[in-house]
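Below is one structure; the comments refer to it alone.
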Amino acid sequence: MLTKTDMMALTPVILVCATAITVMLGIAWRRQHAVTVLVSAVGLNIALLSLFLFGELGTVRTPMLVFDGVTILGMGMVLVSSLACATFSHAYLDGYPGAREEFYLLLLCAAAGGMVLTAADHLATLFFGLELLSMPLYGMLAYTFRDRNSLEAGIKYLVLSATATAFLLFGMALLYAQTGHLDIPGLVEGMSGGVGPWALAGVGLVLVGLCFKLSIIPFHLWTPDVYQGGPGPAVTFLATASKVAAFIVLLRIVEAIPAFHGAQAQTLLAGLALLTMLAGNVLALLQANIKRLLGYSSIAHFGYLLVAIVVADKLAVETGGIYLITYLVTTLGAFGVVTLLSSPYGGDDASALHHYRGLFWRRPYLAAVLTVAMLSLAGIPFTAGFIGKFYIIALGVEAQRWWLVAGIVLGSAIGLYYYLRVTITLYLMEPGMQRRDAPNDWGLRAGGLVVLLLAVLMILMGVYPAPVVHWMSLLSLA
Amino acid sequence: MILVWLILIPFIGGLFCWRAERWGDKVPRWIALATMLLVLITTLVLWWQGDYQLPKTGSPEAVRWAIEWHVPWIPRFGIDIHLAMDGLSLILIALTGLLGALAVICSWKEISNRVGFFHLNLLFILGGVVGVFLSIDLFLFFCFWEMMLVPMYFLIALWGHSGSAGKTRIRTATKFFIYTQASGLLMLVAILALVFAHHASSGVYTFSYLELLGTPMSETFAYWLMLGFFIAFAVKLPVVPLHGWLPDAHAQAPTAGSVDLAGILLKTAAYGMLRFCLPLFPEASQAFAPVAMALGVIGIFYGALLAAGQQDVKRLIAYTSISHMGFVLIGIYAGTSIALQGVIVLMVAHAFSAAGLFILSGQLYERVHTRDLRLMGGLWGRIDKLPVFTLCFVAASLGMPGTANFIGEFLVLFGTFPVAPIVTVLASVSMVLAVLYSLLIMQRVHFGPPQGEVHFSGLDWREYSMMLSLVALVLFFGFYPQLLVDTTLAVTNEVHQLFTSGAVGAAIQSLAEAR
């Protein structure tokens with residue numbers, strides 16, 4: 001039975017669901033783009049506030065969900081990225097000819113799914129959260145469906161995601177067959193007598209399902225096309241909230257389930273990490289489309305993050321938290337600029353690199369934000385990204401995983417090439433070609449303010465990371 | 001607090017320059033010049049007032065630094081913002097201020113587009129370099145070390161010269177960045193491994209230089225960590241197999257970029273070796289010394305030989321830098337007091353002579369619009385005083401007695417002889433090659449058959465005073481190097497002692513193994 005504490009812990013999720021319902025009813029009553037955005041933003045903000053209020057409760061375990069430090073962090077990140085996406089889509093969808101309001105409904109549902117996923121303590125909630133997160137994303141990716149690329153992105157994600165879900169479900173079934181439990185503590189208990197072959201297969205299949213969401217190589221094939229084709233705000237959500245939530249649930253099950261701690265499983269995970277960070281960076285080298293490039297870059301970053309999964313100790317949780325935060329802020333900033341330049345909606349997004357030539361001389365602050373984001377992704381000191389990279393390397397060194405450390409160093413060196421390519425493009429002389437531009441008053445609109453705020457955060461976390469570091473050092477899994 | 005201001009002044013000045021562009025091209029230039037002069041004057045005042053010949057006593061903490069500033073930054077890992085100044089850093093910061101001012105002056109006419117942003121980048125580089133010289137927290141040091149690459153990248157990529165086909169300036173800049181950043185990451189790994197080793201033995205996380213000195217480690221482990229540091233510094237110095245970025249970067253950077261690169265950025269590497277690589281790993285460095293000295297000798301010959309074969313003035317000077325840095329590397333790893341003093345004098349002298357030559361080739365380019373030696377010749381008498389100044393700096397560069405370069409090279413060779421006589425002999429032989437390439441510059445640019453009859457405009461007072469002050473400095477330190485030696489005596493003695501103790505430690509270990 002749910003107690004009062006349980007209800008309090010659940011409040012943020014309930015608030016987001018309530019906002020979704022309000023938005024739905026509002027749309028049925030009268031279509032108003034601005035009001036819809038406002039209601040969504042207010043709802044998400046209240047949920048965020050309640051998260052801070054109830055974060056003091058300590059660890060709360062409801063029958064299917066667990067609320068610990070990591071959950072609070074994950075929910076916070078999902079909420080922040082949903083908020084950013086909502087403001088970006090306000091600018092982006094402004095000129096969209098079709099219905100605009102439903103996008104926020106989908107966004108809110110996906111946010112609720114992400115929040116459930118970060119708290120999942122039971123395979124049922126894991127599945128439920130993952131699907132609630134993915135289903136609206138199909139719609140969001142194909143939202144501007146008159147554009148062939150967007151439709152293609154949505155369908156591609158749908159088909160491949162369904163396949164991954166099938167793997168996940170099969171894995172869960174095998175786990176159940178072996179242990180007779182679906183809740184994670186039960187699974188751990190069921191495997192205490194030794195990991196049987198079916199459980200091992202099940203764990204492997206679950207891993208495949210989650211790796212697909214994180215686009216770990218070799219399950220990454222959907223990523224570039226979907227990133228390129230989807231509308232800006234949807235891709236922003238996909239790259240941030242969706243990945244963060246999936247990563248947190250992966251961290252949770254890998255830490256808990258003993259089947260992942262064997263030597264072979266560790267080697268497998270380390271191999272995946274190494275492959276992902278290297279291949280992700282190499283594949284990004286020759287991209288001429290910034291959204292594709294960011295897609296490959298996010299693959300590489302989750303390769304680095306897998307190091308935290310491989311090591312899986314106390315410092316690993318801290319590292320995961322730090323890296324996710326820096327990744328979130330940076331990626332939101334980068335995609336925010338892309339989205340702002342593509343808005344209001346006018347067909348294809350401004351995503352070819354040549355759209356960005358000379359941006360600094362037209363829009364210095366917007367280009368400065370993208371520069372900071374690129375440097376942060378590359379991990380240059382005094383940006384947030386460096387703190388993340390510092391932690392990952394520290395973790396590898398501490399665990400004496402020298403191969404992984406070598407992979408990170410090599411991957412970063414390769415990655416510099418394309419980050420610098422994007423950066424320098426912003427400063428080159430303007431050619432006479434037709435170009436995309438943000439509206440003149442971008443800096444005063446919500447989206448612009450969010451992007452500027454993110455840039456300030458990137459610098460601030462690089463220059464004065466102590467508060468974030470302190471917060472993360474208190475982090476632990478229940 | 002004065003140390004923080006030394007770092008912050010260039011950064012703040014840079015931001016002002018950027019925003020001041022709206023009031024015309026002149027304003028950013030004057031702001032940048034004022035900023036660098038402020039740094040220079042502050043440092044000189046500190047030099048005048050402070051006592052840098054601190055006696056070494058039993059408790060190093062008390063008197064180790066002339067000025068110190070310390071606040072916690074990331075308490076979780078014991079990372080502090082810990083700035084400190086001693087004789088070595090003082091001299092190098094004064095050098096930074098001086099060359100920074102020269103870099104601003106020499107781009108007065110050369111840079112005409114996006115002046116504000118150019119000076120922002122220039123000053124950010126210099127701010128980063130000052131940070132490198134002042135940080136004694138390894139994390140902070142690393143941050144500055146990597147951070148200064150970004151503005152340098154912009155400087156080369158945006159205001160550089162396009163090279164020959166397939167060698168665009170962006171490519172060059174990227175190459176420079178990847179070389180230094182990747183090697184820097186190796187250093188980060190080494191720093192972290194050192195910190196965790198220290199944590200394992202003492203239970204405390206710290207990145208503080210003084211506390212990490214003498215961290216107990218196994219021999220092989222220390223050797224690997226030392227290599228991590230060494231490679232990072234060796235790329236920047238540059239040591240020969242890792243020098244690939246340097247000639248391109250120099251050839252394609254604007255004059256101000258070359259001046260900074262040769263004058264200051266290469267010195268950060270030598271500084272890093274003196275300050276971190278040797279003291280932190282004395283035994284491993286002692287074991288590595290023969291290899292390092294061999295690399296130094298190879299660098300001297302390689303740089304000199306390739307310099308003689310270049311067709312591009314700036315590439316030629318870049319290769320001579322490689323040759324000179326070979327001497328620096330030998331001196332550092334010889335580790336005797338005299339050799340280390342020689343290294344410091346040579347670093348300062350090379351900064352002056354290389355900066356002078358790069359500024360001159362910039363002025364030459366502004367007049368004849370080429371850097372190709374085949375298209376020059378017979379310029380003596382056709383460009384006013386410029387060839388005369390070239391002769392002065394070429395003489396300095398080949399180590400003519402009376403110039404500071406001579407003192408530096410002489411002290412390095414003198415100090416190396418007791419430790420490694422063969423290396424000294426080989427390095428001395430290479431002096432002949434130095435004469436060769438130096439004379440080639442003069443012969444091919446200023447003498448020889450003239451390629452035309454045009455008389456070019458002479459030096460204006462800005463160029464003239466710049467050159468004159470550099471010549472004066474080269475001669476001043478050539479006749480009175482004691483000033484540099486006195487200021488850095490405490491540092492060179494300390495490094496020498498640590499290094500010898502490393503030799504003793506290694507000897508004891510090998511004895512123990514022999515038994």
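Lettering of chains follows the sequences in order, A, B, ..., and the numbering in each one begins at 1.
Between B:Glu21 and B:Val27, the closest side-chain pair of non-hydrogen atoms is not below 4.5 Å. Counting only heavy atoms from C-beta outward, the side chains of B:Leu123 and B:Phe11 never approach each other to under 4.5 Å. Between A:Arg401 and A:Gln266 the shortest side-chain heavy-atom distance falls below 4.5 Å. In this structure, the side chains of B:Tyr209 and B:Asp137 stay at 4.5 Å or more apart for every pair of heavy atoms. Within the 4.5 Å cutoff, side-chain heavy atoms of B:Met217 are placed close to those of B:Leu194. No side-chain heavy atom of B:Phe77 sits less than 4.5 Å from a side-chain heavy atom of B:Val195. Side-chain contact check for B:Leu134 versus B:Trp69: every heavy-atom pair is 4.5 Å or farther apart.
Among B:Cys143, B:Ala182, B:Pro72, the residue with the largest count of heavy-atom pairs under 4.5 Å with chain A is B:Cys143. The residue among A:Leu410, A:Val409, A:Thr423 with the most heavy atom pairs within less than 4.5 Å of chain B is A:Val409. The candidate from A:Ala394, A:Ala378, A:Gly462 with the greatest count of non-hydrogen atom pairs under 4.5 Å with chain B is A:Ala394. Counting heavy-atom pairs closer than 4.5 Å to chain A, the top-ranked of the candidates B:Glu146, B:Arg76, B:Met147 is B:Arg76.
Looking at B:Phe177, both its backbone and its side chain come within 4.5 Å of chain A, counting heavy atoms on both sides. With a 4.5 Å cut-off on non-hydrogen atoms, A:Phe360 touches chain B through its side chain but not through its backbone. Looking at B:Val189, the atoms closer than 4.5 Å to chain A (heavy atoms on both sides) sit in the backbone and in the side chain alike. In this structure, the portion of A:Leu375 lying under 4.5 Å from any heavy atom of chain B is its side chain and not its backbone. Neither the backbone nor the side chain of B:Ile81 comes within contact range of chain A; no heavy atom of the residue lies under 4.5 Å from a heavy atom of that chain. Of the two parts of A:Ile380, only the side chain, counted from C-beta on, holds a non-hydrogen atom closer than 4.5 Å to a non-hydrogen atom of chain B. Only the side chain of B:Trp18 comes within less than 4.5 Å of a heavy atom of chain A; its backbone N, CA, C and O stay farther away. Contacts of B:Phe117 with chain A are made by side-chain atoms alone, with heavy-atom separations under 4.5 Å and no backbone atom involved. Only the side chain of B:Ile170 has a heavy atom closer than 4.5 Å to any heavy atom of chain A. Proximity to chain B (any heavy atom under 4.5 Å) is restricted, for A:Phe386, to the side chain, taken from C-beta onward.
Taking the centre and axis of the six-membered ring of B:Trp245, the NZ or CZ atom of B:Lys236 falls outside the cone set by 45° and 6.0 Å.
Side-chain contact of A:Tyr391 with A:Glu318: a donor-acceptor pair under 3.5 Å is present, judged by distance alone.
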